[in-house]
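Predicted model only: the values in this text are computed from it and were never measured. Naming convention: chains lettered A, B, ... in sequence-line order (proteins, then strands); numbering from 1 in each chain. What you see below is based on every heavy atom in this structure, not just the backbone, and it leaves out hydrogens, waters and symmetry mates.
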Amino acid sequence: MKERYDFKTIEPKWQARWAEQNLYTAPDGGGKPKYYCLEMFPYPSGKLHMGHVRNYSIGDVVARYKAMQGFNVLHPMGWDAFGLPAENAAIKYGAVHPAQWTYENIAAMREQLKQLGISYDWDREVATCHPGYYQWTQWLFLLLYKRGLAYKKKAAVNWCPSCATVLANEQVKDGGCERCKTAVEKRELEQWFLKITAYADRLLKDLDKLPGWPDKVKIMQDNWIGRSEGAEITFTIDGLEESMTVFTTRPDTLFGVTYMALAPEHPLVEKLIAGKPQAAAVRALALSVRGQSDLARTATETEKIGLFTGAYGINPVNGEKVPIMAANYVLMEYGTGAVMAVPAHDQRDFEFARKYDLPMRVVIQPAGAELNPDTMTEAYVGAGLMVNSGSFNGMPDSEGIAAVIRYLEEKGWGRGLVNYRLRDWLISRQRYWGAPIPIIYCEQCGIVPVPDADLPVMLPMDVAFTPTGRSPLEDQAGFVNTVCPACGGPARRETDTMDTFMCSSWYYYRYTSPRDTEQPWDPASVRYWLPVDQYIGGVEHAILHLLYSRFFTKVLCDAGLVANEEPFTNLLTQGMVLKDGSKMSKSKGNVVSPEDIVAAYGADTARLFILFAAPPERDLEWSDQGVEGCYRFLNRVWRLVAPLSDSLAGLPLPASGKMPGVNGEMRRMTHVVIKRVTEDVGNRFNFNTAVSAIMELLNAMYQYKEVPELDRDPGVLKEAVETLLVLLAPFAPHITEELWSLTGHGGSVHRMPWPLYDPEAIQEDEVTIVVQINGKVRERLLAPAGAKPDELQELALGQEAIKLLIAGKQVVKVISVPDKLVNIVVK
RNA sequence: GCCCGAGUGGCGGAAUGGUAGACGCAAAGGACUUAAAAUCCUUCGGGAGCAAUCCCGUGCCGGUUCGAGUCCGGCCUCGGGCACCA
């Protein structure tokens, strides 16, 4: 018997055997209930990092646990394989084609995943860059197009004039190009959008149908969608045949408008300033805000800048002329890109009005205080009665909102409206390495979708990656020039590709029938497997990826292609892996490579540590010594179990129920641990405390082995050993499998049913109760387990020591918690 | 700035509103060994005490409660997201 377990031999041996036995293939159907366990698929960057190991270790515990619980488990893996880094690599290293780079990375990472021993059904692997996959991404784009959910409009992109290329937000650092530092410009391009706003209300309301999602994620999505009720109000413009429509959530303050503000890049601005002296200055402001992110523009520390346009708006309700400003704090993307300003009752308007000395009028008066516009130090945003508001005077503002909307609708000046912060989804990318948008432009017929039969629109492989100022696809005459499917005349292909979020919004459907060449998925398979029962991934995806996937699912459900309204029933958002308090990154030089850890300690140790070091939702601090500790633990398991060899075979397990003495204590521990691990893994996902409990079981077994052999019941030891291996199997699958076979068991430990605890075995006769007086611990006493509160109180008050302590005082109240404590409140 | 989290020993963390610090790491002392490694045993929040034991202690300030690490209000610090990284 070896002192240490030989992971270098054991792990590859079992990985090969599991693959031969197809241990992880899941049939569509059968007698067992289904369970779809899914981890977010990785971008094939080249190497697995610790965040991946954490994600997939968590998923593997869930998948293996559910399989042992008797579920038919689908546990697939694939690759989110389109994206910027492959193209960057091609540009940087010249000779490497993004496809080659990507497929080589996939091969390397697949190998690493296999070395971790995760229970994937590799027959279902997908890669989004494979034509057999992106054919269906294109098909789904066309489905959206046919349903009126895809449209084109102008939108700005980041443009580096020096590199002559479009930049992703990530490639813009401090307003300059990441590579050459040149100031980034904005360029307006015709781009494709998906109408996710049409689903805003359902995406919001259906969050209530997701009790298995963390509240924080639901709150973030709720805020992201940003529903607000209010009114759209149209102001005419003095002396011009133009009008200006604003959105406000506070129509009750309409009489308090003292100026209006437009986003500087608003198309109306040009008409207002035409021929006026301030025209040049306003245009300069428009140019400067275009280069800024919304983030920078709306930050309160950013100075609010505004310029008078020279024009006046006319308030429909009182005919007042108010100046129209162009202001950097108004966003073109939100609402109508124009606001009515009520400085007395909106903080941003207040600050702006103070800075530019604009007038202020109080129209909501709180009870008890008299607001004075000259002495106010901040806007009053609370409740009150309407004043200075014509016929509405004296009305509470809460009623005023609806009343003003009714009035505006009667007069035709405006209407009640629900506005969302959510914007439509821009999917056009001026990039090569993505799924081509399957659209053809014909001089005669206009926009023509590629017929289903012509899919996929193949990405040409012979492409140069020298920046030319155009997307690489535009220089591919063979790709661009085509014939119109409708009239047969000459036509051009769309050269933009799709946002990779499109590819990742539906991959969990493809896993159900990944090799289907006739349709994106087999409807029967999807009906059987979906929705995903457990989805696991980084919290950084809490908004975009999860919202887009929910949107896709709702469209597919409306189209009758899937039966589920939501894609993911339960969601677990895992924290990051840190080293020395910050995220592992090459630039910080604090990266710990999973390869090195697996080579030095084996996959079981790496997985166990990462599950033990922190609860899954929290960030995890990497510790080399902590890894050592887990390795020691597995060796302790090995040294206890391996020498037993097949000495336990044939022994009967103890009968259920209570047992006296040391055997009873051992048996009690075994069953307490079954209970704790089952609750920690099954209900709470507290894998760290589950591992702790298994460690306690092992410690108890070592102590039990110290008991003279005559006093021990070998069946109790057998039960403890089997329990230890079965409970540990999802965490450390290789060593447990090896020990399972060493101790004379046939079959795989991963096919064992998850154990049930024996409630009688863990029952205690007596428990220690704490007696407190006025919340301070005064005495401990033994009480029958499960005693009722009344009985406990009687017992405590009957104690001589307690009687002495409370003598001469008045007992106000006695509180007792069964099996815990009695608190006596005295005066 | 806006939205969402998290702060507990030397460290990672544990604790249905009920004995704060389970489990693990590190450290110190000891056993075994010619020696080292490995392994095993003991101690391990701070303070007082010979001891039984007592007092203090969960980022800060306040509140609710017989009782708060946990609930509520207000701060501070750190982290995630902010729409073309995925």
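Between the P atoms of B/U33 and B/G47, the separation comes to 38 Å (whole Å). With P as the reference atom, B/G24 and B/U39 are 14 Å apart, rounded to whole Å. The same atom, C1', is picked in B/G57 and in B/G69; the two are 11 Å apart, to the nearest Å. Here the separation of B/C56 from B/C60, taken at their P atoms, is 16 Å to the nearest Å. Taking atom P on both nucleotides, B/C72 is separated from B/U64 by 15 Å, rounded to a whole Å. When the P atom is compared between B/G29 and B/C78, the two are found 38 Å apart, to the nearest whole Å. Atom P of B/C76 sits at a distance of 48 Å from the matching atom of B/U42, rounded to the whole Å.
Base contact: A/Val157 has a heavy atom under 4.0 Å from a base atom. Across all strands shown, A/Phe501 has heavy atoms under 4.0 Å from base atoms, whether or not it also approaches the sugar-phosphate. Looking at heavy-atom distances under 4.0 Å, A/Ala542 makes no contact with the nucleic acid at all. Across all strands, A/Ser623 comes closer than 4.0 Å to no nucleic acid atom at all (heavy-atom distances). Counting non-hydrogen atoms under 4.0 angstrom, A/Ser45 reaches nothing in the nucleic acid. Residue contacts for A/Arg632: at a heavy-atom cut-off of 4.0 Å it reaches the sugar-phosphate backbone alone, with no base atom in range. Residue A/Leu84 is classed as a sugar-phosphate contact, given heavy-atom separations below 4.0 Å to backbone atoms only. A/Met576 comes within 4.0 angstrom of sugar-phosphate atoms only, judged by non-hydrogen atoms across all strands, and of no base. Counting non-hydrogen atoms under 4.0 angstrom, A/Lys216 reaches the backbone sugars and phosphates but no base. Base engagement by A/Trp224 is indicated by at least one non-hydrogen atom pair under 4.0 Å involving a base atom. Looking at heavy-atom distances under 4.0 Å, A/Leu620 makes no contact with the nucleic acid at all. Using a 4.0 Å heavy-atom criterion, one finds that A/Pro42 contacts no nucleic acid atom at all. Counting any heavy atom pair closer than 4.0 Å across all strands shown, A/Leu821 reaches a base atom. Within the nucleic acid shown, A/His545 has no heavy atom closer than 4.0 Å to any nucleic acid atom.
Relative ring orientation between A/Phe609 and A/Trp622 is described as perpendicular, the plane-to-plane angle rising above 60° on a 0-90° scale split at 30° and 60°. Using cut-offs of 30° and 60° on the angle between ring planes, the pair A/Phe685 and A/Phe687 is tilted.
Taking both residues in full, the closest heavy atoms of A/Thr102 and A/Trp433 are given as OG1-NE1, 3.3 Å, listed atom of the first, atom of the second, then distance. Of all non-hydrogen atoms in A/Ala127 and A/Tyr133, the two that sit nearest each other are O-CB, 3.3 Å.
Closest contact between the side chain of A/Ile543 and the listed nucleotides B/A22, B/G81, B/C4 involves B/G81. For A/Arg636, counting side-chain heavy atoms from C-beta on, the closest listed nucleotide (B/C23, B/C40, B/G18) is B/C40. Considering only side-chain atoms of A/Arg421, the nucleotide from B/G13, B/C23, B/A83 that sits closest is B/A83. Considering only the side chain of A/Asp499, B/C84 comes nearest among B/G12, B/G81, B/C84. For A/Met695, the side-chain atoms get nearest to B/G24 when compared with the rest of B/G80, B/G24, B/A15. Comparing B/C82, B/A14, B/G80 by their nearest atom to the side chain of A/Leu544 picks out B/C82. With distances taken from any side-chain atom of A/Gln625 to the nucleotides B/G18, B/C25, B/A86, the minimum falls on B/C25. Listed candidates were B/C3, B/U19, B/A14. Nearest to the side chain of A/Asn223 is B/C3. Of the candidate nucleotides B/G5, B/C84, B/G13, B/C84 has the atom nearest to the side chain of A/Val166. Of the listed nucleotides (B/A38, B/G18, B/C84), B/C84 has the atom at the smallest distance from the side chain of A/Leu426.
Toward the 5' end of RNA chain B, the nearer of the two residues A/Asn699 and A/Asp80, judged by each one's closest nucleotide, is A/Asn699. Residue-to-nucleotide proximity on RNA chain B shows that, of A/Gly629 and A/Leu189, the 5′-proximal contact is made by A/Gly629.
Note that CG of A/Leu724 and OG1 of A/Thr670 are 9.0 Å apart. Values are rounded to the nearest 0.5 Å. Interatomic distance, A/Leu821 CG to A/Leu792 CG, rounded to the nearest 0.5 Å: 9.0 Å. Here the OH atom belonging to A/Tyr134 is positioned 11.0 Å from the OG1 atom belonging to A/Thr497, to the nearest 0.5 angstrom.
Salt-bridge check for A/Glu265 with A/Lys186: failed, with every basic side-chain N at 4.0 Å or more from each acidic carboxylate O.
Atom CG of A/Leu546 is separated from atom P of B/C3 by 21 Å (rounded to the nearest Å). Rounded to whole angstrom, the span from the CG atom of A/Leu781 across to the P atom of B/U19 amounts to 15 Å. What separates CH2 of A/Trp79 from C1' of B/A86 is a distance of 14 Å, to the nearest Å. Between the CD atom of A/Glu333 and the P atom of B/A83 there is a distance of 11 Å, rounded to whole Å. A straight line from CZ of A/Arg618 to P of B/C4 spans 20 Å, rounded to a whole angstrom. Between A/Leu611 atom CG and B/G13 atom P the separation is 14 Å, expressed in whole Å. We find that CD of A/Glu628 is positioned 13 Å from C1' of B/G24, with the value rounded to whole Å. Taking atom CD on A/Gln221 and atom C1' on B/G5, their separation rounds to 16 Å, with Å as the unit.
Defined by atom type and a distance below 3.5 Å, a donor-acceptor pair is missing between the side-chain atoms of A/Glu39 and A/Tyr535. A donor-acceptor contact closer than 3.5 angstrom links the side chains of A/Asp680 and A/Thr689.
Proximity of A/Thr500 to the phosphate of B/A86: a side-chain N or O atom is located under 4.0 Å from OP1 or OP2. At least one side-chain nitrogen or oxygen of A/Arg429 sits closer than 4.0 Å to the OP1 or OP2 atom of B/C84.
Checked against a 6.0 Å centroid threshold, the rings of A/Tyr507 and A/Phe41 count as neighbours.
The environment of CD in A/Gln703 is sparse: at most 12 heavy-atom neighbours from other residues, nucleotides or ligands sit within 6.0 Å.
Stems are defined here as 3 or more consecutive Watson-Crick or G-U wobble pairs with pairing distances under 3.5 Å; those involving RNA chain B are B:1-7 with B:76-82, B:10-12 with B:23-25, B:27-31 with B:39-43, B:45-48 with B:53-56, B:59-63 with B:71-75.
For B/G69, the base adopts the anti conformation, since its glycosidic angle falls more than 90 degrees from zero.
At a cut-off of 3.5 angstrom, counting only N and O atoms as typed in the model, there is a donor on one side and an acceptor on the other between the side-chain of A/Gln191 and the base of B/C84. Residue A/Arg639 places no side-chain atom within donor-acceptor reach of the base of B/U39, judged by atom type and a 3.5 Å distance cut-off alone. The base of B/C66 lies outside donor-acceptor range of the side chain of A/Gln772, with no N or O pair under 3.5 Å.
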